[in-house]
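Here's the structure we're looking at; comments come further down.
Counting starts at 1 for both ligands and their atoms, in listed order.
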Amino acid sequence: MNLRPVRREDADALYRLLRTCADAAEQDEEVTPESVARQFDVPGLDIRQCMWVLPKDGQTLKAVVSVIPLCSEGFEVLHLGWHAHPSVRSLEFQERLVRFAEERAPTVRTRPDLPAVLHAGVRMQNAEKVQVLQKLGYQPVRWFLELSRPLREPFTRPIPPAGYSVGEGSSSAQEIYTVAHEAFQDHWSQPHITLEQFGYLLDTLGGEEHVVHTARTTANELVGVCLTRLRHAAQCASRAREAEIALLAVLRAHRRKGLATCLLHSALQWARAQGCGAAVISVDSENWTGADRLYRKLGFVERSRSVVYRKSLS
Ligand SMILES: CC(C)(COP(=O)(O)OP(=O)(O)OC[C@H]1O[C@@H](n2cnc3c(N)ncnc32)[C@H](O)[C@@H]1OP(=O)(O)O)[C@@H](O)C(=O)NCCC(=O)NCCS
């Protein structure tokens, strides 16, 4: 296959390809010209080393495939992703893309001292991608649920526990990183990202409409955080505006006091005030800290599922 490494000048063509694939309901992540361009500036990752494109002519791309290395749980996890233009999206073509990625995977590794696995996350309704992965020997290892909650339904305002305040507030990237890092550190396949990378992720959100709600002790210590952003209408299942809970974390010592409930309530209120029809959140179906139960208690219901498929690189 005549794929070549992606270049910065491919950003527009890449955006058009991803946009076409998103319209075909292949993915639900945000795709904007800015988000595509930003992929070239992630600290500690040179995307030109781990993404390849198949040009049709100078202006159009037929396909893109990427293998992104991230460390977690004593493994080097190589995140495999691919998108093919609907005009060429046969099973055989997609299989060749994945085989290409598998061949290139050893070249993107940054931690050859660790065992390496390939991970590919796909939406369950994307039968073609599921078929390709199964045919190539990938095993399903984890399910992620997308939950949603209509905002027109009423919600009862919870009272913050004594000794805490919850509300909209500003926090430094360092403070939020400390809370998120502690809260998620033993979660499945949680990549080890640096403060610099985390700050970059927050900065990129700065370009989108978003809000941070915080839970603090009376001594002003940050113990919980909830980050909510607006999705672009094109990415919303109902094509009406939706709000996405992008991060929710409470420090271990402060759990089961109702802080996440208060944070989520504030987030839902904010989303409603922005004119959103629903709030959405993605959760690991085996989240061991009870997140699934928390969301269902607040009226969230399952809307779609995605599966993470795994294959050992060896
Ligand atoms: C999930 C998390 C945010 C919950 O924070 P919290 O402040 O403890 O949540 P609340 O006190 O508001 O819990 C509300 C309800 O959720 C459910 N719940 C919360 N933690 C639970 C647990 N460990 N086991 C079972 N149910 C749980 C319960 O129904 C609880 O009500 P109850 O205490 O009256 O039984 C927190 O555990 C956390 O930070 N986990 C790690 C990060 C994470 O997984 N974030 C979500 C990613 S999608």
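Considering all non-hydrogen atoms of both residues, Arg272 and Glu153 come closest at NH2-O, 3.3 Å.
Membership of the apolar cluster around Val117 extends to Phe75, Val77, as traced through chained side-chain contacts below 4.5 Å between ILVMFWY residues.
Under a 3.5 Å cut-off, the side chain of Lys129 and the backbone N or O of His83 do not form any donor-acceptor pair. Between the Ser171 side chain and the Ile176 main chain, no donor and acceptor come within less than 3.5 Å of each other.
Within 4.0 Å of ligand 1, protein heavy atoms come from Ala183, Phe184, His187, Leu248, Ala249, Val250, Arg255, Arg256, Lys257, Gly258, Leu259, Ala260, Thr261, Ser282, Val283, Asn287, Thr289, Gly290, Ala291, Arg293, Leu294, Tyr295, Lys297.
The pair Arg38-Glu34 does not count as a salt bridge, with every side-chain nitrogen at least 4.0 angstrom from each carboxylate oxygen.
For the salt bridge (charged side-chain N to carboxylate O under 4.0 Å, His left out) with Glu209, the qualifying choice from Arg241, Arg231, Arg229 is Arg241, the only one to do so.
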